[in-house]
Protein chains: 2
Amino acid sequence: MTKSATPKIDTRTRMIQAAFDLFHQQGVNATSVDEILAKSGTGKSQFYHYFKSKEDLVHAVVESFGEMLKAQKLPLKYEIDSWADLEEWFGVFVNHQRRSGCSRGCPMATIAYELTGDDELIRQDINMICELSRKPLLKFFVTEQARGHLVDGADPEALTDFCYTIMQGGLILSKIQKDAAGFERSVEHAITYLKTLRKVSEIDR
Amino acid sequence: MTKSATPKIDTRTRMIQAAFDLFHQQGVNATSVDEILAKSGTGKSQFYHYFKSKEDLVHAVVESFGEMLKAQKLPLKYEIDSWADLEEWFGVFVNHQRRSGCSRGCPMATIAYELTGDDELIRQDINMICELSRKPLLKFFVTEQARGHLVDGADPEALTDFCYTIMQGGLILSKIQKDAAGFERSVEHAITYLKTLRKVSEIDR
DNA sequence: TAAATAATGTACTATATGGTACAATAAAAG
DNA sequence: CTTTTATTGTACCATATAGTACATTATTTA
């Protein structure tokens, strides 16, 4: 009976996925619910069955992104156990921009830039996502510090901020420039700097 | 006719200013032309007298921002002649975020995130603005290099990218976090790093 | 099986929005 | 002074869009 070959994705999820893509591509306000319905192959009654409004859907999209992050379903570097891993964490973003023609930025930043000014709830949601994304970085720097691999006075939080800032800035820069070269150069400098924060005894690790 | 004597700002400019503010605050697509008219105290016939469409207005807003930059009418650091000036260049952004409650990000990035994916013309406009903004940075690093004040192999372009990336990333980060602390910490790291790129003989300058 | 609940299809509505038509007035040019 | 040209006011239109109403068909549950 059930076509296990085609596990039917439930309607709600399909709508969220379609919305996510469209939001990421053209923004929230430029995306109509009809467009989302067309892309997800669903109808209006289903939409308002699962979501009480478009705003509610935006919330669901952000929440869903958080779940994806937690479940490590997104093509990101989740485990940073070495400085090489840290480089790879950056590299994933740079390569993604390159492969995708730099036409998009961070999906959450897209929503943040559009809605965060007026909608404090969405801002908090996205801030949560932001913290989730920072977790692997923070964990790495905390661990390195605990192992005595960082120079004295290094603050894991601040280092995490630094990495995240470079990543976010690089995404928007490469989108504006339609070229990931500047992003990559920034990352190279960031990495160079971060490596200077290792304890001397760790440099050859 | 000379405008400098006339205190009355002309209609077109008022519309552009109102649009700029609203776009910056709530985005382009969330701003209706009626809203712009209300804020600028103008009428619809005037709008379509000066602009052929809303899209045309967006273009004018970006262009106007470029003119403001060139005329140094915006509260930014335009002349970077020392490392202290470079710190101030960052500081202006951090302080602005702090004072404004971090409710907004970069006005051009706001437009970029909304429209750049679909509208290549706007992307190019904003990319121009981006280059204008980078000019003081680039000039500084080029000059420093020419004076032999930078370590060998330092690339002014790459350093400019690095600074600009931190600035853009910091703006979005502080907007999402509604707090400029992370932005500031990132900037501190960036400055620390940049100073390591001075020739040893210049460090006490 | 029967009742209740979830899910979906079709048609519709109210309104906001970008844009127009066109006349009227102010200003410049000749 | 007269004729253009630039500017502004009022009224309007077509359409896109978020959201409803309501009937119908699955799917559970009792």
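Keep in mind that this is a model prediction, so the values were computed, not measured. Proteins get letters first, then strands, A, B, ... in listed order; numbering begins at 1 in each. Note: hydrogens, waters and symmetry copies are ignored here, and every other heavy atom, side chains too, is used.
- The interatomic distance linking I36(B) (CD1) with dG18(C) (C1') rounds to 11 Å, in whole Å.
- Nearest to the side-chain atoms of Q46(A) among the listed nucleotides dG9(C), dT20(D), dT7(D) stands dG9(C).
- At the phosphate of dT20(D), neither OP1 nor OP2 sits under 4.0 Å from any side-chain N or O atom of S45(A).
- If you check every strand for non-hydrogen atoms under 4.0 Å, T42(B) touches nothing.
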For this session: Would you write the dot-bracket representation of DNA chain C, where each base gets (, ), [, ], | or . depending on whether it forms a Watson-Crick or G-U pair under 3.5 Å and with which partner?
Result: ||||||||||||||||||||||||||||||
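- Taking the six-membered ring wherever Trp is involved, the centroid distance between the rings of W83(B) and F140(B) falls below 6.0 Å.
- A salt bridge is defined here as a Lys NZ or Arg NE, NH1 or NH2 lying under 4.0 Å from an Asp or Glu carboxylate O, and K73(A) with E67(A) fails to meet this definition.
- With rounding to whole Å, F47(A) atom CZ is found 14 Å from dT20(D) atom C1'.
- Close to dT7(D), at under 4.0 Å from its OP1 or OP2, lies a side-chain N or O of H49(B).
- A donor-acceptor pair shorter than 3.5 Å cannot be found between the side chains of E184(B) and Q97(B).
- Under a 4.0 Å N-O distance rule, the pair E87(A)/K195(A) qualifies as a salt bridge.
- Looking at the side chain of S32(A), the nearest of the listed nucleotides dT17(D), dA7(C), dG9(C) is dT17(D).
- In this structure, the CD atom of E55(B) is 18 Å from the P atom of dT17(C), given to the nearest Å.
- Within the 4.0 Å cut-off from OP1 or OP2 of dT8(D), at least one side-chain nitrogen or oxygen of Y50(B) is found.
- Here the side chain of N95(A) pairs a donor or acceptor atom with the backbone of G91(A) at under 3.5 angstrom.
- When the P atom of dG19(C) is taken as reference, atom OH of Y48(B) falls 4 Å away, rounded to whole Å.
- Between the base of dG19(C) and the side chain of K44(B) there is a donor-acceptor pair shorter than 3.5 Å.
- In this structure, L57(B) atom CG and dG18(C) atom C1' are separated by 12 Å, rounded to whole Å.
- For the pair K54(B) NZ and dT15(D) C1', the computed distance is 15 Å after rounding to whole Å.
- Salt bridge R123(B)/E120(B): present, at least one basic N to carboxylate O contact under 4.0 Å.
- Atom CG of N29(B) is separated from atom C1' of dT17(D) by 13 Å (rounded to the nearest Å).
- Rounded to an integer number of Å, the gap from L37(B) CG to dT8(D) P is 12 Å.
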For residues 53-61 of chain B, run the donor-acceptor check on the side chains, cut-off 3.5 Å, and write out each pair with its distance to 0.1 Å, sequence neighbours left out.
unit_1: S53(B); atom_1: OG; unit_2: E55(B); atom_2: N; d: 3.4
unit_1: S53(B); atom_1: OG; unit_2: D56(B); atom_2: N; d: 3.1
unit_1: K54(B); atom_1: NZ; unit_2: V28(B); atom_2: O; d: 3.1
unit_1: K54(B); atom_1: NZ; unit_2: T31(B); atom_2: O; d: 2.7
unit_1: D56(B); atom_1: OD2; unit_2: K52(B); atom_2: N; d: 3.1
unit_1: H59(B); atom_1: NE2; unit_2: D125(B); atom_2: OD2; d: 3.0

